Amino acid sequence: MRRTMTFERVRGFRDHYPEDMMPRKKIFKVAEESAESLGFKKVDFPSLEYLDLYRLKSGEELVGQTFSFVDKGGREVTMIPEATPSVVRMITARKDLIKPIRWYSLPKIFRYEEPQAGRYREHYQFNADIFGADSPEADAEIIGLAGMILDGLGLASRYEIRINSRPLLESILNSVGCRNVPAAFGVIDRFRKIDREEFFSEMSATGIDSERTELLYSMISQTVEPGKIRDVTGGFASPSVDAEISRLQYIGDLVSRMILSPVKVDLSIVRGLAYYTGVVFEAYDVMGKHRAILGGGRYDGLAALMSDQDIPAVGFGMGDAVIELLMKEEGKWFYANEKPSFYVCCTRKESKSYAFAVSREVRSGGGATIDDLSNRGLSAQLRNAAGEKCDYAVIIGEREEASRTATFRNLVSGEQKEIEYGKIGQHVLTLKGKSENKA
RNA sequence: GCCGGGGUGGGGUAGUGGAUAUCCUUGGGGACUGUGGAUCCCCGGACCCGGGUUCAAUUCCCGGACCCGGCCCCA
């Protein structure tokens, strides 16, 4: 009778095995490189913050969905549920920073919610923000970065970015006699989930008559090219509406210069009831199958809420969960080594020293170079090499050691070549890895 | 927090109120003794947990945790 102890994962948390971690790493790599290509700098911050940091901004509602506890020193703390407050805390703590500031980060964030498709209690979230610039160009750069990342992952034309403007929506609502804009935002945010009657009755509760509600309903039901916003907002003309439309169109134009996929205006994008004050946006898969891949917007009031400084800001966050679902569907969930990989076989113990020296030479110009640890027969070692999906085997034995050479075997074609020890590094640089490799 | 669905080795499965729980795959070891995912041999590994019904539960019933999906919410 065997007695085994098995440990379960905590609900809603994930393990990441290599076959999944490799493509996940690729997402982060593309995101980080895209950000850095625009001059963004990486920052990091604790996984634990005072709960008050979130109370300020979001009230008790969000607080109820956090992993919070009182630590041994009596501090009320929480596993961070988002990055933005921490980043704003960092920004406001340093008055010497030259603005505009472009920062990105890649924390794990936590939320105590029921797990669902594309939602876990812990996930990675790439974040990028620009502080100290309230221009539409800053808006465009953030939205453009979001698109660049998706493009870089091979998802061009498989996603679309939908943008909206909170002040635009607010102007529209004001112009139709809405007495409770936040409530109306809430209804618009949920409009795809509620039926028509519910929409009408809730809108009427905010003071909008049914004729105007009809117009609103039609307006938020469609997504349009930025150039055609006025086609759907025609019934709500006013100077403030007009100014907001122009800004949104300008942003849309700039973004379209940066990315490969369409930018559409979707007047139903509200982004919850959070702290957004300007442009808001989300990226969706074109099939509309999943929840938003990423989302963000302008939040000019947050720094003032948290400090004595008034710093305009715009940013976005992208979790790793939804994009994983999408990449799997699109056949992009795999990883290919950029450099060829090697397995250094050694046929006899006496040549191990030489084999290790050869390994070092190979590594100097190549990718992963695996030393054999099994000390088994050559055929077994070659089998291991194949199992590791290496591109080449480097065979070392009595003959190679005597002649100061190494035998390179291409594990795909079977071709072999003997290379002098001194020329190994150079030879490796001429080799290519195979580009398939399944996840 | 609520609702629906689900569970047999690591993965995929067969099956059953009773006997050593099926098959494939994967994993480990060995043979082939300097050229590979082959072949052959050997080995390891499972009925989610707890209670109940029963002579007997992996099987039926209840509860819990977990997984999948949804609601709420959405950083």
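Just so you know, these numbers come straight off a predicted model, no measurement behind them. Every chain is numbered from 1 and lettered A, B, ... according to where its sequence line falls, protein lines coming before strand lines.
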> Is the shortest distance from a Lys or Arg side-chain nitrogen in A:R121 or A:E113 to a carboxylate oxygen in the other one below 4.0 Å?
Replying inline: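 No.
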
Interatomic distance, [X] [atom1] vs [N] [atom2] [rounded to whole Å]:
| X | N | atom1 | atom2 | result |
| --- | --- | --- | --- | --- |
| A:E114 | B:C67 | CD | C1' | 12 Å |
| A:E113 | B:G70 | CD | C1' | 13 Å |
| A:Q381 | B:G30 | CD | C1' | 16 Å |
| A:I293 | B:A75 | CD1 | P | 15 Å |
| A:H290 | B:C68 | NE2 | C1' | 15 Å |
| A:I109 | B:C73 | CD1 | P | 19 Å |
| A:L373 | B:G28 | CG | P | 13 Å |

>> Check for me whether the distance between the ring centres of A:Y284 and A:Y159 falls short of 6.0 Å.
In response: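 Not under 6.0 Å, so no.
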
> Who does B:C72 pair with, Watson-Crick or G-U, both distances under 3.5 Å?
Replying inline: none

>> Only pairs with both distances under 3.5 Å count, Watson-Crick or wobble alike; so what is the partner of B:U39 in this structure?
In response: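 B:U39 is paired, partner B:A31.
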
>> Quick check: any donor-acceptor pair below 3.5 Å linking the side-chain of A:R9 to the base of B:C67?
In response: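 When only heavy-atom distances are counted, A:R9 does not reach the base of B:C67 through any donor-acceptor pair under 3.5 Å.
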
>> Looking at the base of B:C73, is there any donor atom on it, or on the side chain of A:R111, that sits under 3.5 Å from an acceptor on the other one?
In response: no

> Once each nucleotide of nucleotides 31-41 of chain B is scored for protein heavy atoms under 4.0 Å, what B/S/- sequence comes out, 5' to 3'?
Replying inline: ---BBBB----

>> Can you see if the side chain of A:R190 gets near the phosphate of B:C74 - specifically, an N or O under 4.0 Å from OP1 or OP2?
In response: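 A:R190 to B:C74 OP1/OP2: no side-chain N or O under 4.0 Å.
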
>> Can you see if the side chain of A:R291 gets near the phosphate of B:C74 - specifically, an N or O under 4.0 Å from OP1 or OP2?
In response: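 No, outside the criterion.
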
Looking at every strand, decide which applies to [X] at a 4.0 Å heavy-atom threshold: base, sugar-phosphate, or nothing.
| X | result |
| --- | --- |
| A:G12 | sugar-phosphate |
| A:R119 | base |
| A:R14 | nothing |

State whether [Y] and [X] meet the cation-pi test: NZ (Lys) or CZ (Arg) under 6.0 Å from the six-membered ring centroid, and within 45° of the perpendicular axis.
| X | Y | value |
| --- | --- | --- |
| A:K26 | A:F334 | yes |
| A:R14 | A:Y120 | yes |
| A:R404 | A:Y421 | yes |

> For A:G118 and A:H123, take the nucleotide of RNA chain B holding the closest heavy atom to each; which residue's nucleotide lies nearer the 5' end?
Replying inline: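 Nearest nucleotide further toward 5': that of A:G118.
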
Pick the [atom1] atom in [N] and in [M], then give their distance to the nearest Å.
| N | M | atom1 | answer |
| --- | --- | --- | --- |
| B:A14 | B:U59 | C1' | 14 Å |
| B:G9 | B:U13 | C1' | 11 Å |
| B:G6 | B:U35 | C1' | 48 Å |
| B:G11 | B:C68 | P | 14 Å |
| B:C24 | B:C41 | P | 12 Å |
| B:G17 | B:C74 | C1' | 48 Å |

>> Pair A:K42, A:E36 - check salt bridge (charged side-chain N to carboxylate O under 4.0 Å, His left out), show working.
In response: CA-CA 8 Å; A:K42 186 170 185 175; A:E36 291 187 6; over 6 Å; no

> Does the pair A:E329 and A:K289 meet the rule for a salt bridge (charged side-chain N to carboxylate O under 4.0 Å, His left out), with working shown?
Replying inline: CA-CA 11 Å; A:E329 272 168 28; A:K289 186 172 170 189; 3.0 Å; yes

>> Give me the atom names and distance for the closest heavy-atom approach of A:A128 to A:F126.
In response: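 It is CB-CE2, 4.0 Å.
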
